[in-house]
Amino acid sequence: MYFCHLTIGTLNMITRNKIKDLLADRNFGKQVTVMGWVRTFRNNRFVALSDGSCIQTIQVVLDYENLPDILLKRITTGACISANGTLVESVGKGQSVEINAENIDIIGDSDPEKFPLQPKKHSLEFLREIAHLRFRTNTFNAVFKIRHALAFAVHSFFNERGFVYMHTPIVTASDAEGAGEMFKVTTIDFDNIPRTDDGEVDFRDDFFGKAANLTVSGQLEAELGAMALGEVYTFGPTFRAENSNTTRHLAEFWMIEPEVAFADLEDNMNLAEALLKYVIKYALNNCPEELQFLKSRLLEEEKNKPLAERSELDLLEKLEFCLNNEFERLTYTEAIDILKASKPNQKKQFKYIIEGWGADLQSEHERFLVEKHFKKPVILTDYPKEIKSFYMRQNEDGKTVRAMDILFPGIGEIIGGSQREERLDYLTKRMEEMNIPQEELYWYIDLRKFGTAPHAGFGLGFERLVLFVTGMTNIRDVIPFPRFPKNAEF
RNA sequence: UCCUUCUUAGCUCAGUUGGUUAGAGCACAUGACUGUUAAUCAUGGGGUCCCUGGUUCGAGCCCAGGAGAAGGAGCCA
């Protein structure tokens, strides 16, 4: 039995029963109090009430003949009410328990002419426009509970393994990470921009005394932590000012970046695979009802699609499959060989035909490998150094680096990582070649001067993980308040 | 940023070859009914046809420009 105490206005310490508990309760005849939001009000008698504790509503039965009309009129879709009465076995068919209400109070009215949610299916696009109210729908209730469970599981996974949760900065002054366009952070008066003699913006009197940006990655700082604490991870917001308009990009998203000392690429892959399996298992164990709901929702949605476009596995089968199979590991070079020999490449069905080694893989190629060829998550390693970042450890062949990308069906790249270049001369030479300003990153280079060691890490896009586990298809639907080009509402 | 499609009532959508007063279902309001399950039945209100300009006797429909959305691509997580 759980009680929740809360304060509303001048009332103190109201005790309420959670609907989730009552639905499992068989102590018929006991007095209960529920508080929640009206989903539907049928027949002047039956209120379907939700309090967010679970997806199901509880049926509150009113003795409408003995209730004032003026009160009944205020029981409208979206209104917040409290009801107390007796928990009874339901005589109706759709539910096992219900509440025979003796008292009804309106906590918050909801104008039925204006309340946008109806007791029917809404499009995800419409709900996105009312993101402040979409939490009240079953779908988003399930999505955000799974999101919470996954976040909790991430911390739990790393904590169990002795990792230190490290808070890397949100504001950074280095524009050298090369992970994408950055948002500027400044207190400069835009109506009076200070200029240097050669016409550049003069940041010397700006808040930080130099140009500052929102972080695009905590990796470089996390490496500093790993090289002292051993194992660290970050889990925080990340910002990319790219003009990306896709179902898998956000301008503000959450990223998990572990960094491990004395680890090579093999250890890195093992850690990544273990993390993904751990958090998926956690969601399966802790959110069975939410996943079941989303599974049914997906099946319902796919009914409208042609057979060929429907997925072979339902949501739960997909997650189980992911847990029970080793991820396929292969090198970039092996992947190119497979792609070169593949049907769509031979028949020129790819938009970008693979001619030979060195080509950057397009998403159609990644999708072919994951969804058609191997039909399971794939880890690609040892990419050409030209298409990867300066900090990745160079292989002896002089051509490739110890990078890894984990590709998931329907999502594409969910993890990108590498063993880091720990050798000072290799690192600085590569920075030179790629025009990375060494002065700005002196602290990163210093790490290789004072007791350097092999280390590795990766970045996991949290929303992409939530996408995969919930089976949602647009990344804007798995974060409460999505930020993307032309949209920072709420 | 590029490609494709789209934008009509609160929501989902129809709207013929350019032709009179722009429709449906749901929602909402009023009434009836009252153990319903997105209750049912009857009646009713509700429109900047995304914006700007153009062609035309006449534009929701055709043309140009713009904005926004969805999907795909690039960038990436």
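Order of the sequence lines fixes the chain letters, A, B, ..., with proteins taken first and strands second; residue numbering starts at 1 for each chain.
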Span that lies between the [atom1] atom of [M] and that of [N], in whole angstrom:
N      : M      : atom1 : value
B:rU52 : B:rG45 : C1'   : 32 Å
B:rG72 : B:rU16 : P     : 30 Å
B:rG58 : B:rG65 : P     : 23 Å
B:rG10 : B:rG35 : C1'   : 31 Å
B:rC50 : B:rA14 : P     : 13 Å
B:rG31 : B:rU20 : P     : 38 Å
B:rG25 : B:rC41 : P     : 11 Å
B:rC61 : B:rU8  : C1'   : 11 Å

Notebook entry, point to check: Under the side-chain contact (heavy atoms from CB on, under 4.5 Å) test, which residues partner A:S53, sequence neighbours left out?
Noted result: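 By the side-chain contact (heavy atoms from CB on, under 4.5 Å) rule, A:S53 matches A:K18, A:I19, A:K20, A:D51.
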
Notebook entry, point to check: Of the candidate nucleotides B:rA39, B:rG74, B:rA77, which contains the atom at the shortest distance from the side chain of A:N43?
Noted result: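 Closest nucleotide to the A:N43 side chain: B:rA39.
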
Next item on the list: Measure from the side chain of A:K486, starting at C-beta and using heavy atoms only, and say which of B:rG71, B:rA69, B:rU1 lies closest.
Entry: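 Nearest to the side-chain atoms of A:K486, counting from C-beta on, is B:rA69.
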
Notebook entry, point to check: What residues, two or more places apart in sequence or in another chain, satisfy salt bridge (charged side-chain N to carboxylate O under 4.0 Å, His left out) together with A:R45?
Noted result: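 Here no residue qualifies.
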
Next item on the list: Answer yes or no: is there an ion pair linking A:K399 with A:E386, defined by an N-O contact shorter than 4.0 Å?
Entry: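 No.
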
Note to self: In whole Å, I'd like the distance from the CD atom of A:E181 to the C1' atom of B:rU1.
What the structure shows: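 Taking atom C1' of B:rU1 as the reference, CD of A:E181 is at 12 Å.
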
Item checked: Range-with-range stems for RNA chain B, at least three Watson-Crick or G-U pairs under 3.5 Å ->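 Stem list for RNA chain B: B:1-7 with B:67-73, B:10-13 with B:23-26, B:28-32 with B:40-44, B:50-54 with B:62-66.
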
Next item on the list: Answer yes or no for this row: A:F46 ring on B:rG35 base, centroids under 5.5 Å, planes under 30°.
Entry: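 Stacking between A:F46 and B:rG35: absent.
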
Note to self: Looking at B:rU12, I'd like to know if its phosphate oxygens (OP1 or OP2) sit under 4.0 Å from a side-chain N or O belonging to A:S123.
What the structure shows: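 Yes, such a contact exists.
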
Checklist line | Partners passing ring pair (Phe, Tyr, Trp, His ring centres under 6.0 Å) against A:F484 (at least two apart in sequence or in another chain) | finding: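 A:F484 satisfies ring pair (Phe, Tyr, Trp, His ring centres under 6.0 Å) with no residue once adjacent residues are dropped.
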
Checklist line | Derivation and outcome, side chain to side chain donor-acceptor pair (under 3.5 Å), residues A:Q59 and A:S90 | finding: CA-CA 9 Å; A:Q59 176 152 287; A:S90 178; 4.7 Å; no

Next item on the list: Go through the structure and list residues passing side-chain hydrogen bond (donor to acceptor under 3.5 Å, both in side chains) with A:K277, not counting sequence neighbours.
Entry: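 A:E273.
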
Margin query: Could you work out, with side-chain hydrogen bond (donor to acceptor under 3.5 Å, both in side chains) as the rule, every residue matching A:T400, not counting sequence neighbours?
Written below: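 side-chain hydrogen bond (donor to acceptor under 3.5 Å, both in side chains) list for A:T400, sorted by chain: A:N395, A:D397.
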
